[in-house]
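The structure appears right after this line, and notes come after that.
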Amino acid sequence: MAHLEGLRCRECGRTYEVAPIYTCEWCFGPLEVAYDHDAIAASVSRESIAAGPLSIWRYAPLLPVDPPTDQSSHVGFTPLVRADRLAAELGLGELWVKDDTRNPTNSFKDRVVAVALAKAIEFGIKTIACASTGNLANAVAAAATRAGLPSYVFIPSDLEPGKILTTAIYGGNVVAIEGNYDEVNRLCAELAADRPWAFVNVNVRPFYAEGSRTLAFETAEQLGWETPDHVVVPIASGSLLTKIRKGFDELHEYGLIDGPPNVRVSGAQATGCSPVATAFAEQTDVVRPVKPDTIAKSLAIGNPADGPFAIDAVRETGGEIAAVTDDEVLEGMSLLARTEGIFGETAAGVTIATLKRLAESGAVRADERVVVYVTGHGLKTLEAVADHVGPTATIAPTLDAFTSAFPDAQEV
Ligand SMILES: [Zn+2]
């Protein structure tokens, strides 16, 4: 059984019954899942988790929905990769990459969708929908098809072709909107009020967002039930960063890790869409909306719903938020690929480039155990790097041609 007490407003604290709702009727604040913490503490242990499936459902007692019958797509429990070569390039010590490209549709969105879809089915909802910058579109379309449910995925029409194709292939409805993500999101909020569908990141958002906590749970478990000293997380809506921080706190609360977490949380944005980084630099909580203009389209949310909460989490933990240029994003993608053999999308380029910036400024230190979150696969954003990489040489199929093209090629 999911140990839920209800939903609680993050602004005024009013409580609501569990339902597909997301806004406080009193103050319009966002609603969040409220758990029965005693029941969870009594039902979860390192041993019970270790005996579970190799997916997010090993943390079922910590999630706001009972596990689904069909868990065959293995969402989560992705590799935590020790990144010594990248660490050496950046002058860092113990560095790990959480490689969430290794999910069913190659991004961390499979986690949040798995939780939202299970909850939608529990609510008896028959149609699954979302507003997406791309990765969520992939995850919703695939998961809805697997569950045998129709889907409506709303995206900005200027998304990367790779992300449109990898959504449409699953056969649901893909609705390309002539507008930016914030306009797509506004339309979806209107539609969610108008029909009985589950928009996973609108009216089912309180449950959906909880799925991101599994990234913290896995990180700690994969480090032998220890926490990192510092994590670097990309910021789009700000929800992912907020929930990763919450996940580490909960592990401490439930006695799954020794001692308080003390995880510094830092955030990464692209300068072409950096409203949270700007507010952080100006030492305010007021996140002023911007019109996104960056190659990191999966992070291109100009009016981030959880921006103020992300700023709080970063400030409270002593982290930093930085923004990097599109050129740095490309360098970040390349740096990760050539040092660690991991091809992340543009958002990963943002995160790695931010890690580099923070390492140079001393905000991330060589004596810290650092985890960086790579949330989506580079094959989804090929056009970003298409003009920058290619064959080392194009030659005739002869030994001579090879030898003259590569005179210094090693023989061993
Ligand atoms: Zn409220």
Side-chain angles (χ1 to χ4, degrees), residues 2-40 62-65 112 115-116 118-120 122-125 129-131 136 181-213 216 233 235-250 253 265 267 275-276 279-280 283-289 301-317 321:
H3 303 300
L4 296 193
E5 286 187 336
L7 295 170
R8 184 181 298 126
C9 174
R10 285 161 83 179
E11 298 291 354
C12 76
R14 274 182 174 73
T15 54
Y16 296 83
E17 297 279 306
V18 170
I21 54 174
Y22 65 109
T23 308
C24 176
E25 289 175 2
W26 184 258
C27 75
F28 302 107
L31 301 182
E32 188 169 49
V33 173
Y35 294 93
D36 179 342
H37 291 262
D38 292 341
I40 293 175
L62 302 162
L63 294 174
V65 64
V112 284
V115 173
K119 202 68 191 178
E122 189 184 296
F123 286 138
I125 295 173
C130 71
L136 181 59
Y181 174 78
D182 299 290
E183 291 167 313
V184 173
N185 197 36
R186 206 175 311 131
L187 169 63
C188 286
E190 287 174 35
L191 282 165
D194 182 59
R195 55 199 70 206
W197 296 356
F199 282 82
V200 297
N201 57 336
V202 182
N203 55 334
V204 194
R205 188 176 182 85
F207 309 96
Y208 157 95
E210 292 294 286
S212 292
R213 291 146 62 247
V233 184
I235 296 178
S237 74
S239 173
L240 174 65
L241 182 147
T242 310
K243 294 295 180 178
I244 286 177
R245 191 271 176 110
K246 183 168 178 252
F248 286 124
D249 285 349
E250 288 170 331
E253 184 184 343
V265 181
V276 182
F280 183 81
Q283 301 187 332
T284 170
D285 281 337
V286 181
V287 177
R288 289 193 311 275
I301 298 183
N303 188 13
D306 290 271
F309 298 109
I311 290 172
D312 287 348
V314 171
R315 277 205 194 112
E316 285 164 15
T317 61
I321 304 178

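All ligand and atom numbering here is 1-based and tracks the order in the structure. Small disclaimer: the values here were computed from a predicted structure and weren't measured.
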Within-2.8 Å protein N/O/S contacts of the Zn ion (ligand 1): C9 SG, C12 SG, C24 SG, C27 SG
Pairs meeting criterion side-chain hydrogen bond (donor to acceptor under 3.5 Å, both in side chains) with involvement of residues 197-211, two or more places apart: Y35-E210, K109-Y208, Y181-N201, R205-S237, R205-D306, E210-R213, E210-K243, E210-K246
Below 4.5 Å, heavy atoms only, C-beta onward: do F199 and Y22 meet side chain to side chain? no
Side chain proximity check, D182 to P289, heavy atoms < 4.5 angstrom: no
Within 6.0 Å of CZ in R195, more than 12 heavy atoms from elsewhere: yes
For R245, is there an ion pair with D312 - N to carboxylate O distance below 4.0 angstrom? no
Would you call R186 and E183 a salt bridge, taking side-chain N to carboxylate O under 4.0 Å as the test? no
